Each structure stands twice: as structure tokens, then as C-alpha cells.
Amino acid sequence: MRYDLVIFDNDGVLVDSEPLSNRLLAGYLTELGHPTTYEDSLRDYMGAAMHRVHDLVGERSGQRLPEDFDEVFHARVFAAFRAELEPVPGAADVLKALVAAEVPYCVASSGSHERIRVGHRKTGLDAWFPDELVFSAEDVGRGKPAPDLFLHAAERMGVAPGRCVVIEDSRLGVQAALAAGMDVHGFTAMTPEDRLAGARGFFSRMEELPAILGL
């Protein structure tokens, strides 16, 4: 099927940020008295907006995270991004192929606009994503697994949900895409297929994606 819009998740799909951010999140939560391993963070928070961290910690401990939690965490993440972040191998080539085939695309991320921009500037992907192609959970009331973000992106791009395909690497992202009535392909570089149940297909290297999309 040739789609009218390709919607990319950002973290773990375009930029190789999940190892960095989840290591830092696990460390910070543990530091605050909420013991969390790297694997716990991947399982519970990968692909989610920050409100999920607050919600789960509150449900499990009955305690609220500090008022400046998001600010401190993002400062640590942005510092790590500026020092270490790399693009997902092959991501720029996929974007080049989409442009050549004149297939519209955008990014819809659970991260903030600032987080997206910091990562794109460091990896050089900012050249492919002007402001009008960048959508964040900040733009809607609920982040993934709610469908709001993907529906918002499709509406702004002028494409019906049924003509969109989402490229995701998280369980919450796949759930959001399915709830939006969109096809979704699961990127398994970090996430096993069984955690991306419901995806139309799976691939482990970005080099495979152009053929999957019929480019």
C-alpha cells in the first residue's frame, strides 16, 4: 500500500536516544527513592509522555515527584544529547527517499518540542524537519497510548487517518497508532516484536523501510 503520509516517532526511530534517556530516567527515579532499573524504564516509560512517569510513580508509591522533576530531568537529558546523541543509522536515507518519491512525512513524538529540536540539531536531522513537520505531545491533551497526537498530526498535514502509516518502536506508540485507525510498522532495533503487538509488520534496520513503504 502506498500511503499519503508517513508519521515517524522520534526517540529510538530517528534519533538513538532511548538508551541515553532511559538510563538517566532510571537513575534519577532511583536517586529520588523510587528504585528503577534501566529495563524497568524501557518497559514502563519508553515512548510515553512525561505525565506517565508522574502517574505511575504516584500510583505505585502514593508520593508525588518533585515540582522541578521535569526541569531537572530534561536538563540532564539535553546535556547527554548534546554530548553523545547520534541519529539512528539509515534514518536520513529514508527521509531522502521519501522526498525523492514526493511522499509527505512528519514526526509525532511524546517528547517536548525542545527535546525534539535539541536532538535534531545534534544529529543533523533538523534539515529534514521544519517546524510545520514537527508535532509533540505538548500539542495535545493526552500523550501516547491515546491517539490524540497522531490524529492531530494527520489533521494538520491534511491526510485522513486511514491513509497514514506510523513508524514506531514502543508498545505505547503502536497502541496509539492503532487507536487512531492508522497502519503501523514496528521498528525492532531495540524492542522485541512481541512488545509491538498489532503492528502490520516489523523491521530491524532502517535500510529495510523504503521497500516496505513501496518507495
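Every value quoted in this text rests on a predicted model; they were computed, and no experiment measured them. Hydrogens, waters and symmetry mates are skipped; everything else that's a heavy atom, side chains included, is used.
No donor-acceptor pair closer than 3.5 Å links the side chain of T36 to the backbone N or O of L29. Of the possible polar contacts, none joining the K144 side chain to the A176 backbone as a donor-acceptor pair under 3.5 Å is found. Panel note: side chain S170, backbone G173; a donor-acceptor pair is recorded below 3.5 Å. At least one donor-acceptor pair closer than 3.5 Å links the side chain of E208 to the backbone N or O of S204.
With a 4.5 Å cut-off on side-chain heavy atoms, L133 and M157 count as touching. Side-chain contact between L20 and E84: present, with at least one pair of heavy atoms (C-beta onward) separated by less than 4.5 Å. Using a 4.5 Å heavy-atom threshold, the side chains of D11 and S109 count as touching. In this structure the side chain of R205 never reaches within 4.5 angstrom of the side chain of F187, judged on heavy atoms. Considering only heavy atoms from C-beta on, V159 stays 4.5 Å or farther from P104 through its side chain. Contact annotation: the side chain of Y45 approaches that of L25 to within less than 4.5 Å [non-hydrogen atoms, C-beta and beyond]. Residues W128 and H120 form no side-chain contact, since every pair of their non-hydrogen atoms from C-beta on lies 4.5 Å or further apart. R195 places none of its side-chain heavy atoms less than 4.5 Å from the side chain of T188.
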Would you check, one step at a time, whether the test side-chain contact (heavy atoms from CB on, under 4.5 Å) holds for C106 with F8?
CA-CA 6 Å; C106 64; F8 290 94; over 6 Å; no
Audit row: Q63, L32, side-chain contact (heavy atoms from CB on, under 4.5 Å) steps and yes/no:
CA-CA 11 Å; Q63 301 174 10; L32 293 172; over 6 Å; no
S136 vs R115, test: side chain to side chain donor-acceptor pair (under 3.5 Å). Steps then yes/no.
CA-CA 9 Å; S136 161; R115 176 184 173 121; over 6 Å; no
Does T191 form a side chain to side chain donor-acceptor pair (under 3.5 Å) with D169? I'd like the steps, not just the answer.
CA-CA 6 Å; T191 311; D169 72 331; 4.6 Å; no
Show, in sequence, the C-alpha distance, side-chain angles and deciding distance for D183 and R200, and conclude whether the salt bridge (charged side-chain N to carboxylate O under 4.0 Å, His left out) test is met.
CA-CA 6 Å; D183 278 352; R200 184 182 181 92; 3.3 Å; yes
Evaluate the criterion side-chain contact (heavy atoms from CB on, under 4.5 Å) for residue pair R163 and Y3; output intermediate values, then yes/no.
CA-CA 5 Å; R163 297 297 306 167; Y3 298 96; 5.6 Å; no
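Counting all heavy atoms, side chain and backbone alike, G12 lies closest to V88 at O-CG2, 3.7 Å. Nearest heavy atoms, H34 versus S61: CE1-OG, 3.5 Å. When all heavy atoms are compared, the tightest approach of P147 to A180 is CB-N, 3.6 Å. Counting all heavy atoms, side chain and backbone alike, P19 lies closest to M190 at CD-SD, 3.7 Å. Minimum interatomic distance between V15 and G119 (heavy atoms only, all atoms of both residues): CG1-O, 4.1 Å. Minimum heavy-atom separation, S112 to E138: CB-OE2, 3.4 Å.
Taking 4.0 Å as the cut-off between side-chain N and carboxylate O, D40 and R43 count as a salt-bridged pair. The pair D148-R142 meets the salt-bridge criterion, since a charged nitrogen lies less than 4.0 angstrom from a carboxylate oxygen. The existence of a salt bridge linking R60 and D44 is confirmed by a sub-4.0 Å separation between a basic side-chain nitrogen and an acidic carboxylate oxygen.
Separation of the Y105 and F129 ring centroids falls under the 6.0 Å cut-off. Between H185 and F202, a ring centre-to-centre spacing not shorter than 6.0 Å is recorded.
Here the CG-CG distance, from L209 to L213, works out to 4.0 Å after rounding to the nearest 0.5 Å. To the nearest 0.5 Å, atom CG of residue L56 and atom NE2 of residue H54 are 11.0 Å apart. The distance from atom CG of L14 to atom OG1 of T123, rounded to the nearest 0.5 Å, is 8.0 Å. The CE atom of M182 lies 10.5 Å from the CG atom of L178; values are rounded to the nearest 0.5 Å. From R64, atom CZ reaches atom CZ of F69 across 13.0 Å, with rounding to the nearest 0.5 Å. Atoms CG and CZ, from N10 and R117 in turn, are 10.0 Å apart once rounded to the nearest 0.5 Å.
For E132, the CD atom is densely surrounded, since the number of other residues' heavy atoms within 6.0 Å is greater than 12. In this structure, E155 places its CD atom where only 12 or fewer heavy-atom neighbours from other residues, nucleotides or ligands lie under 6.0 Å away.
Using modelled atom types and a 3.5 Å distance limit, the side chains of N22 and S41 yield a donor-acceptor pair.
Residues V118 and V107 are members of one and the same hydrophobic cluster, defined by side-chain heavy-atom contacts under 4.5 angstrom among Ile, Leu, Val, Met, Phe, Trp and Tyr. L98 and I7 fall within the same hydrophobic cluster, where Ile, Leu, Val, Met, Phe, Trp and Tyr residues are linked whenever their side-chain heavy atoms come under 4.5 Å apart, directly or through other members. Residues V6 and V174 are members of one and the same hydrophobic cluster, defined by side-chain heavy-atom contacts under 4.5 angstrom among Ile, Leu, Val, Met, Phe, Trp and Tyr. Note on M46: it does not cluster hydrophobically with V184, by side-chain heavy-atom contacts below 4.5 Å among ILVMFWY residues.
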Under 3.5 Å, which donor-acceptor pairs do the side chains of residues 72-82 form with other protein atoms, sequence neighbours left out?
| residue | atom | partner | partner atom | Å |
| --- | --- | --- | --- | --- |
| H74 | ND1 | D70 | O | 3.0 |
| R76 | NH1 | E31 | OE1 | 3.2 |
| R76 | NH2 | E31 | OE2 | 3.2 |

